Amino acid sequence: MVELDERLRALRGAAAETAGELRAHAAALDAAPHDLKPHLGVAAFDLIRRCTTPQRFGGEPLRVGRHAFTTGSSLETLVWMTELAHGDAGMVLAAPGPSLAGILLDQLGDQAQQEYFHRAVARDAVWAFFAVTEPGHGSDAGAMESTLHRTADIHLLNGAKRFIGNGARGEIGVVFARTGSGPLSVRAALVEAADPGFRARELDMVGLRGAALGAIELRDVPVPEDRLLARHLPATRRGLWGAVRVFNTVRPQVAALAVGTGLACLDLVRAERPQAPGLAELAGRLESCRRLVYAAGAALDRDRDDAVLSSAAKVAAVAAARAACRFAVRSLGPAALVDHPLLEKWYRDVGAFEFMEGTSDIQRLHVARAEVRGRTGGRR
Ligand SMILES: Cc1cc2nc3c(=O)[nH]c(=O)nc-3n(C[C@H](O)[C@H](O)[C@H](O)COP(=O)(O)OP(=O)(O)OC[C@H]3O[C@@H](n4cnc5c(N)ncnc54)[C@H](O)[C@@H]3O)c2cc1C
C-alpha cells in the first residue's frame, strides 16, 4: 500500500482546494464545451500547466509551502488528478496545455522537437491533440490505415482520425500513421492544425464533453523530415512503442478521473441523505480504488512498462464510479437527475471513462496476458 508522505499530502491538499472552483464551472462547460473563455482563469488550470510543463522549457513549478512540483512522477500526477476530478473531470480534460501529446514528445521527441512543441503550447489558451484512433480501429490501434508516404523531399500524411481529444480545438499535436504494412511501420508526426490538408470538426458528445472530441481528416498534409518523431531512436522504439508508453501513463489517470467522479456523486448523497444505507460501503470501495490508483502510479514510477496495476485500477475505478452514480440516483430518489444537474452530467460522464485508454475488456486481456507470462508477480 502507498502511504502519502508530507510532500504528497501537501500536493493533495493544494489540489483539493481548487476542486470546488472546478465544480462551480462544470455545468457551464458541459452546456457549451467549445467556449472555454469563461473558464480559462480557474486556479486548477494553472496547477495542471505547472505540473505538466517541463521546467527546461520554461515551466514554472507549482509551489506548496516548502515543496515545488513540476512534471513529476506518475504518483504525483495521480494524487492531484484524483482531487481535481473530485471537483469535475470534464473541467480537468478541458485544461489547455501539453496533455497526452506532451507525454509522447517526452518519449519520442528530440530536443528541438520537444522545445518547438512546448513553446507552442506554453501560450495561454493552446490545446494539443494525440491522434491514434481511426474510424473502425479503436481498440485495435495496430490496424490503423492512415499513411505517411515519403516523396522526394517531404512526407505526406493521409487518412482519418476519430474520437480525438482536443481534435478540433487543438493547434498542434501528434498523428500516428503507417509507413508500411508491418507492425514496426508506424510513425508519429508533429502536426499543426494550420498545415495544408488538415481539417478537423467537433463531434457532439453525450458525456465528458470537456474533452472536446473531434474528427480529423488528413489529405496530403506535408510533414518535413524534422517533424517526424523518434528519428534518433531505434526502429523498435519509433511508433506504437511510444503510443503504448503514453497509454500506460494515462490509463491510471483515467482511473483517477473515475474515482474523483464517484466521490463527487457521493458528496451529493452525503449532503442530503447522510444515513443512506450503503453509503459507507461505496465510500470504502472508492477509497480502495484510490489506493489501487496510487499503487499503479508507484509501480509505473519504478518501471514505466509495469502497467498491470494500471489496467486493474482502471477496470475497478470505472465500475466503482458507475456504481456510485447509480447509488446516488437510487438514494436521492427518481427526481435526483432533475434536481441535481451535475449528477445527471456525471451519470453521462462515467460512460466515457470506459472507452478512454482501453475498454475494460481490453484491460482484462492485459492482466490475463501478464498473468500467463508470469509478470504479475503474484499480485491479484
Ligand atoms: C473521452 C474520450 C477521449 C478520447 N481521447 C482520445 C484521444 O485523445 N486520442 C485517440 O487517439 N483516441 C481517443 N479516444 C478514443 C478511444 O481510444 C477509443 O474510443 C477506444 O480505443 C475504443 O475504441 P472504439 O470506441 O472504436 O471501440 P471498439 O474498439 O469498437 O470497442 C467496442 C466494444 O468491443 C470490445 N472489444 C474491442 N476489441 C476487443 C477485443 N479484442 N476483445 C474483447 N472485446 C473487445 C470493447 O471492449 C468495446 O466494448 C477517446 C475516447 C473517449 C471516449
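This chain uses plain numbering: 1 for the first residue, then up along the sequence. Remember, it's 1-based here, ligands and their atoms both numbered in the order they're listed. Worth saying up front: this structure is predicted, and the values here are computed from it rather than measured.
Annotation: cation-pi pair R227/Y116 present, NZ/CZ under 6.0 Å from the ring centroid and within 45° of its normal.
Those atoms of ligand 1 that come under 4.0 Å of a heavy atom in A352, given as number and element, are 53 (C). In the vicinity of F130, heavy-atom distances shorter than 4.0 Å reach the ligand 1 atoms 7 (C), 8 (O), 9 (N), 10 (C), 11 (O). Interface of M356 with ligand 1, defined as ligand atoms under 4.0 Å from a residue heavy atom, comprises 1 (C), 2 (C), 3 (C), 52 (C). For ligand 1 and G165, the ligand atoms under 4.0 Å from any heavy atom of the residue are 5 (N), 6 (C), 7 (C), 8 (O).
Residue-to-ligand polar distances place D361 within reach of ligand 1: an N/O pair is separated by less than 3.5 Å. On a distance-only criterion, G358 and ligand 1 share no N/O pair closer than 3.5 Å. In terms of N/O distances under 3.5 Å, ligand 1 is not approached by H137. At least one N or O atom of T133, backbone or side chain, sits closer than 3.5 Å to an N or O atom of ligand 1. Note: no N/O pair closer than 3.5 Å links M205 and ligand 1 by distance alone. Among the atoms of E354, none of the N or O lies under 3.5 angstrom from an N or O of ligand 1.
Protein heavy atoms are absent from the space less than 4.0 angstrom from atom 34 (O) of ligand 1. Not a single protein heavy atom sits closer than 4.0 Å to atom 30 (O) of ligand 1.
For atom 3 (C) of ligand 1, the nearest non-hydrogen atom of the protein is L213 CD2, 3.4 Å. With respect to atom 40 (C) of ligand 1, the closest heavy atom belonging to the protein is I362 CD1, 3.8 Å. For atom 20 (C) of ligand 1, the closest non-hydrogen atom of the protein is F355 O, 3.2 Å. Scanning the protein heavy atoms around atom 28 (P) of ligand 1, the nearest turns out to be S139 OG, 3.7 Å. Here the heavy atom of the protein found nearest to atom 46 (C) of ligand 1 is T359 OG1, 3.4 Å. In terms of protein heavy atoms, atom 14 (N) of ligand 1 is closest to F163 O, 3.0 Å.
Of the listed options A243, G138, G351, G138 places a heavy atom closest to atom 26 (O) of ligand 1.
In this structure, a donor-acceptor pair under 3.5 Å is absent between the side chains of N248 and R245.
Screening F163, F117, F176 for a ring pair (Phe, Tyr, Trp, His ring centres under 6.0 Å) involving F130 leaves a single residue, F176.
A salt bridge between R290 and E287 is present, with a side-chain N of the basic residue lying under 4.0 Å from a carboxylate O of the acidic one. Look at R49 and D46 and you find no salt bridge, because none of the NZ, NE, NH1 or NH2 atoms lies under 4.0 Å from a carboxylate O.
The aromatic rings of F57 and H118 lie parallel to each other, with less than 30° between the two planes, well short of the 60° mark.
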Next on the checklist: Show, in sequence, the C-alpha distance, side-chain angles and deciding distance for Y347 and E344, and conclude whether the side chain to side chain contact (heavy atoms under 4.5 Å, CB included) test is met.
Outcome noted: CA-CA 5 Å; Y347 209 97; E344 187 272 334; 5.5 Å; no
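Ligand 1 has at least one atom lying under 4.0 Å from a heavy atom of L365.
Heavy-atom contacts from other residues, nucleotides or ligands closer than 6.0 Å to CZ of R291 number 12 or fewer.
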